[in-house]
Amino acid sequence: MSAIDEIKAAVSTVLKEKYDYDHPAEEVLINETRSEFEGDYTVVVFPFTKALKMPPPKIADELGQELVRSHDFISSFNVIKGFLNLTFEKRFWKGELQKILTDKDFGRTSKNGKKVLVEFSSPNTNKPLHLGHIRNILLGWSSAQLLEAAGYDVVKTQIVNDRGIAICKSMVSYQYFGDGKSPEEADKKGDHLIGEYYVRFEKEFRKEYKTWQDTAAAKKIYEDHRKVGEKEEYFFSRYKNTYFNEYSVLGKHAKDMLLKWESADEEVIALWQKMNGWVYDGFNETYENLGVHFDHIYYESDTYKLGKVLIAEGLKKGVFYKEDDGSVWVDLEDVGMDRKLVLRSDGTSVYMTQDLGTAQIRNKDHEVNRMVYVVGDEQDYHFKALFAILKKLEEPYADELFHLSYGMVDLPTGKMKSREGTVVDADDLIADVIKEARESSESRGEIEGVTAEERNEIFRKIGLAALKFFIIKVSPKKRMIFDPKESVDMQGQTGPYIQNAYVRIQSVLRKSDGIEHVSDAEYKELEDLEVDLIRTMSQFPQVVTEAAEQLDPSNLANYCYALAKLYHRFWHDLRILSAETEVAKVFRLKLSKSVAKVLKSGMHLLGIEMPSRM
RNA sequence: GGUUCCGUAGCUCAGCUGGAUAGAGCAGCUGACUUCUAAUCAGCAGGCCACAGGUUCGAAUCCUGUCGGAAUCACCA
C-alpha cells in the first residue's frame with residue numbers, strides 16, 4: 001500500500017472512531033503539498049466540516065495530531081485554513097528510494113491474465129506514411145506498452161487497406177508511365193514510388209477532365225444539369241465523381257482493373273502483389289526507423305468479405321433486418337443512433353461488414369478480452385456504431401471495446417491537404433529531425449570520442465525523441481498544431497531535455513565506479529530537493545497505471561518532463577561527486593541512479609530511447 | 001440543421017474524479033559555466049481560464065445557454 005493510500009485509510013478510520021463519521025477512504029482528497037508550504041502531502045478537510053459541525057482548522061488540527069501519533073512515518077503537520085499539511089520522516093523517504101532502486105519492475109504491474117489487442121497505423125497502400133500516421137503510430141505503440149506494463153498480454157496489430165479503387169489508380173498509372181521500373185531501379189522507397197504514381201494518376205485524370213469540359217458533350221451536360229445560376233466551375237467540381245464513373249477513359253481503366261482484381265485475374269493480381277510488396281518494404285523501413293513493430297497484420301484483401309456470416313446470423317437473431325431491395329440494416333435508435341447499413345443490396349460488404357468480421361476473426365485468432373482501435377476522431381460515429389452492433393450480437397469482448405480517438409494534426413499554415421502538396425511525409429520528417437540532432441550535437445562536441453556508428457545511433461535517438469515527445473505530450477483527443485520548426489527544438493519542454501537529465505546521470509555514474517556500494521545509512525538530513533525527487537519517483541507506478549487505464553500517454557510524458565526538470569535543478573544546486581560528505585555522495589549517486597531508471601522506463605513506455613551520451 | 005469534440009499567457013501545451021495566489025516551454029529581457037555534460041539553472045515580464053447565468057463553504061474544472069472552431073450525420077473507407 002502506498003503512503004497516500006495509507007493516509008487515506010487512516011483519515012477514514014480516525015473520522016469513524018473519533019467522530020463516528022463514515023467517510024470512505026477512496027473519497028479522502030489528498031494532494032501533493034504545494035511547494036510554498038511545508039509538507040509532503042496535504043489532506044483537504046473542507047469536505048468533513050458539514051458532518052462534523054466544526055471549523056475546518058480545528059478538524060485539521062485534531063486529525064493531524066492523531067495521524068502523527070498513530071503513524072511513525074509522519075513526523076509533523078501544520079494547518080492552513082482547511083488544509084492539513086503532513087511531513088514524512090526522512091527515513092521513510094530513504095526507504096522509498098531503496099524500494100525504487102531494488103524493484104526490477106518498478107512501475108509495472110504483475111500479469112493480470114488478460115489479453116488486449118491494439119490496432120494502430122492501418123495505412124492505405126497507395127501512398128507513403130505521413131505526419132498523421134506518426135501521431136497514430138506513437139499513440140498506438142505507447143498505449144500498447146502501457147497496457148503491457150499494466151499487466152496485459154498485448155497483441156499489436158493493424159489492418160492494411162490494400163485493395164479498392166485507390167490502389168487500382170496507382171496500378172493503372174504505373175502501367176502507363178512506370179516503364180516497369182522497380183524501386184531499386186528508380187532509386188526510391190517502394191511506398192514513395194507507388195505514391196508518385198497515385199499522384200500522377202490524379203494529375204492525368206484532372207488534365208483529361210479539363211480537356212473534356214471544353215467538348216460539346218460536356219457543355220450540354222452542364223446546361224442540362226446545372227442548378228439555377230450555378231457557374232461552370234462549381235458544377236464541374238461537383239460533377240467530378242460522375243465524370244470519373246461514366247465518361248473518363250482513365251476512370252474506366254481503373255474500374256476495369258478493380259473488376260479484374262475482384263475476379264482474381266492472374267496478371268492483375270501479380271502486378272498488385274508486386275506493387276504492394278514494394279509498399280510493404282517501404283512501410284517496414286519507416287516502422288523500423290520509428291522503432292515500432294507489429295505482432296499480426298491483417299489485410300483488407302483477406303478480411304473484406306468476412307462479416308457476411310455474422311450478418312446472416314444476426315438476421316436470424318433479429319438483430320438486423322432486410323429491406324425489399326435485399327440490403328441489410330441495423331436499427332440503433334434504441335441506443336441513440338440512426339439506422340445503419342451493414343450489407344449492400346447486391347450482397348457486397350461495406351466498411352461496417354468488414355469491421356464486424358475483422359473483430360470476430362481477431363477474437364478467434366487471439367481470444368482477447370479487450371480491443372483498442374487507434375483511429376482518428378473523424379470516425380467517432382463509425383466506432384460508436386460498430387461497438388453497439390457487436391454488443392447487440394453479444395460478442396464476448398463487446399463490453400471491452402475502446403476507440404482511442406485522436407484529433408487531426410494541423411500545420412501552422414492550416415490543414416494538411418494532399419491535393420495542395422502540404423502533407424508532411426513521415427520519412428522526410430524523421431530524416432529532418434535526425435539531421436537537426438546531428439548539427440546540434442556536432443556544434444557541442446561532447447561525443448567526438450565515440451565511433452561514427454555509435455554517434456549515428458545517438459543522433460537518431462535524440463532526433464526521434466524530439467519528434468516523438470513533441471507529439472506524444474499533447475492529450476490525444478485534442479487537435480494539435482505541428483510546427484516543424486518547433487518539433488526539432490531540443491531545449492525546454494522536449495524529449496532531448498529529458499534525455500539530457502539521463503545523460504548527465506550516466507556521466508556521473510561512469511566517473512564514480514563502484515562507490516555506490518558504500519552505505520549511506522548515516523546520511524539523515526535529506527535536502528528538500530532530494531525529498532522532492534523521491535516523492536515524485538514514488539508516484540511513478542500510479543502515473544503508469546492511470547495512463548494505461550485512460551489510454552492517455554500524454555500524462556506520462558508530462559510526468560517524465562516534470563521529473564527531469566526536478567533533476568536538472570538538483571544537479572545545479574547540489575554537488576554529487578564533490579558532495580560535502582562521503583555519505584551524501586553515496587546517497588546522491590543512488591538517488592541519481594534511480595532517477596535514471598525511472599526516466600528510462602517512463603520514456604520507454606512512450607517509445608522513446610535514451611542515449612548514454614549526447 | 002441534429003450529434004460529438006475543442007476554446008487557458010503573443011505562440012505551443014499542462015492543469016479538468018470541484019480545493020490554497022491558474023502552471024510549463026517557446027519567443028522577449030536580466031543574470032549564472034577555472035568546478036560532476038550550459039541540450040542546464042535562476043530571475044523579470046506576460047491571464048476577465050471564449051462569454052453569460054446556475055450549483056456550493058469553494059468553479060478553469062460540474063450544469064444550462066450563447067458565441068467561435070472542428071468532425072460527423074453515404075449502398076465511401
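- Look at U40(B): its Watson-Crick or wobble partner, with both distances under 3.5 angstrom, is A32(B).
- Only the P atoms considered, U55(B) is 41 Å distant from A74(B), to the nearest whole Å.
- Using a 4.0 Å heavy-atom distance criterion, Met408(A) is classed as making no nucleic acid contact.
- Applying the 4.0 Å criterion to OP1 and OP2 of C73(B), one finds that Lys384(A) has every side-chain N and O outside that range.
- Of the candidates A20(B), C41(B), G25(B), the closest approach to any side-chain atom of Gln493(A) belongs to G25(B).
- Each of Leu343(A) and Ile462(A) has a nearest nucleotide on RNA chain B; the 5'-most of these lies closest to Ile462(A).
- Taking every side-chain heavy atom of Lys511(A) into account, U37(B) is the closest of C11(B), G19(B), U37(B).
- Taking atom P in both U66(B) and G1(B), the straight-line distance is 11 Å, to the nearest Å.
- Phosphate proximity of A42(B) to Arg569(A): present, with a side-chain N or O under 4.0 Å from OP1 or OP2.
- If you check every strand for non-hydrogen atoms under 4.0 Å, Gln491(A) touches sugar and phosphate atoms only.
- Considering only the side chain of Trp571(A), C36(B) comes nearest among A77(B), G19(B), C36(B).
- For Lys50(A), counting side-chain heavy atoms from C-beta on, the closest listed nucleotide (C41(B), A70(B), C57(B)) is C57(B).
- In this entry G53(B) has C63(B) as its Watson-Crick or G-U wobble partner, both defining distances falling under 3.5 Å.
- The partner of G47(B) cannot be assigned: no Watson-Crick or G-U wobble pair with both contacts below 3.5 Å exists in any strand.
- For Pro47(A), the listed nucleotide lying nearest its side chain is G19(B); candidates were A77(B), G19(B), A39(B).
- Closest to the Lys477(A) side chain, of the nucleotides U37(B), A71(B), C6(B), is C6(B).
- Judged by centroid separation below 5.5 Å and plane tilt below 30°, Phe46(A) does not stack onto the base of G58(B).
- Relative ring orientation between Tyr21(A) and Phe48(A) is described as perpendicular, the plane-to-plane angle rising above 60° on a 0-90° scale split at 30° and 60°.
- When the P atom is compared between U61(B) and C51(B), the two are found 10 Å apart, to the nearest whole Å.
- Put simply, CG on Asp410(A) is 11 Å from P on U12(B), counting in whole angstrom units.
- Nucleotide C16(B) is matched to nothing when pairs are restricted to Watson-Crick or G-U wobble geometry with both distances under 3.5 angstrom.
- The NE2 atom of His382(A) sits 12 Å away from the C1' atom of C76(B) (whole-angstrom rounding).
- Residue Asn85(A) is classed as a base contact, given a heavy-atom separation below 4.0 Å to a base.
- In this structure, Asn31(A) places its CG atom 14 Å from C1' of A22(B), rounding to the nearest Å.
- For Ser475(A) against A14(B), no side-chain N or O and base N or O form a donor-acceptor pair under 3.5 Å.
- For A39(B), the OP1/OP2 oxygens have a side-chain nitrogen or oxygen of Arg444(A) closer than 4.0 Å.
- In summary, Lys169(A) and Glu202(A) engage in a salt bridge, as defined by a charged side-chain N under 4.0 Å from a carboxylate O.
- Counting only heavy atoms from C-beta on, Leu577(A) has its side chain closest to C36(B) among A77(B), C36(B), G19(B).
- Rounded to a whole angstrom, the distance from the P atom of A38(B) to that of G58(B) is 50 Å.
- Taking the six-membered ring where tryptophan is involved, the planes of Tyr351(A) and His382(A) are essentially parallel, since the angle between them stays under 30° and well short of 60°.
- With its ring centre under 5.5 Å from that of the base six-membered ring and a plane angle below 30°, Phe37(A) counts as stacked on A20(B).
- Phosphate proximity of C5(B) to Lys478(A): absent, as no side-chain N or O sits under 4.0 Å from OP1 or OP2.
- The nearest whole Å value for the distance from the CG atom in Asn124(A) to the P atom in C76(B) is 16 Å.
- Residue contacts shown for Glu300(A) are limited to sugar-phosphate atoms, with no base heavy atom under 4.0 Å away.
- On the P atoms, G18(B) is 16 Å away from U64(B), given to the nearest whole Å.
- The two residues Ile30(A) and Ile7(A) come nearest to each other via the heavy atoms CD1-CG2, 3.7 Å.
- Of the side-chain N and O atoms in Arg34(A), one or more sit less than 4.0 angstrom from OP1 or OP2 of A20(B).
- Between Pro476(A) and Ser441(A), it is Pro476(A) whose nearest contact on RNA chain B lies nearer the 5' terminus.
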Checking side chain to side chain contact (heavy atoms under 4.5 Å, CB included) for the pair Met603(A)/Ile498(A): CA distance, chi angles, key distance, verdict?
CA-CA 9 Å; Met603(A) 292 289 266; Ile498(A) 299 167; 3.8 Å; yes
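- The salt bridge (charged side-chain N to carboxylate O under 4.0 Å, His left out) test with Arg34(A) singles out one residue from Glu38(A), Glu32(A), Glu36(A), and that residue is Glu36(A).
- For A20(B), the base is stacked against the aromatic ring of Phe83(A), per a cut-off of 5.5 Å between centres and 30° between planes.
- Checking G1(B) for Watson-Crick or G-U wobble geometry (two distances, each under 3.5 Å) identifies C73(B) as its partner.
- Which of A14(B), A71(B), A20(B) sits closest to the side chain of Arg479(A) comes down to A71(B).
- Under 4.0 angstrom from either OP1 or OP2 of G23(B) there lies no side-chain N or O belonging to Tyr561(A).
- The pair Arg479(A)-Asp410(A) meets the salt-bridge criterion, with a side-chain N (NZ, NE, NH1 or NH2) lying under 4.0 Å from an Asp/Glu carboxylate O.
- Counting non-hydrogen atoms under 4.0 angstrom, Val474(A) reaches the backbone sugars and phosphates but no base.
- Salt-bridge check for Lys8(A) with Glu26(A): failed, with every basic side-chain N at 4.0 Å or more from each acidic carboxylate O.
- With a cut-off of 3.5 Å on both Watson-Crick or G-U wobble distances, the partner of A9(B) is given as none.
- Comparing the C1' positions of A24(B) and G46(B) gives an interatomic distance of 14 Å, to the nearest angstrom.
- Taking CD of Gln506(A) as the start and NZ of Lys511(A) as the end, the distance is 12.5 Å to the nearest 0.5 Å.
- Regarding contacts with the backbone of A39(B), every side-chain N or O of Arg504(A) stays at 4.0 angstrom or more from both OP1 and OP2.
- OP1 and OP2 of C36(B) both lie 4.0 Å or more from every side-chain N or O belonging to Lys585(A).
- With distances taken from any side-chain atom of Asp489(A) to the nucleotides C26(B), C41(B), A70(B), the minimum falls on C26(B).
- As rounded to whole Å, 11 Å separates atom P of A74(B) from atom CG of Leu341(A).
- Separating the P atom of C49(B) from that of G23(B) is a span of 14 Å, rounded to the nearest Å.
- Evaluation of atom-type donor-acceptor distances gives no pair under 3.5 Å for the side chain of Asn500(A) against the base of A38(B).
- When each of A77(B), U12(B), C36(B) is scored by its nearest atom to the side-chain atoms of Val350(A), the top-ranked nucleotide is A77(B).
- The residue Ile165(A) sits apart from the nucleic acid: no heavy atom pair falls under 4.0 Å.
- Using P as the reference atom, A52(B) and G15(B) are 25 Å apart when rounded to the nearest Å.
- Ring-plane geometry between Phe244(A) and Phe205(A) is classed as perpendicular, the angle between the planes exceeding 60 degrees on a 0 to 90 degree scale with a lower cut at 30.
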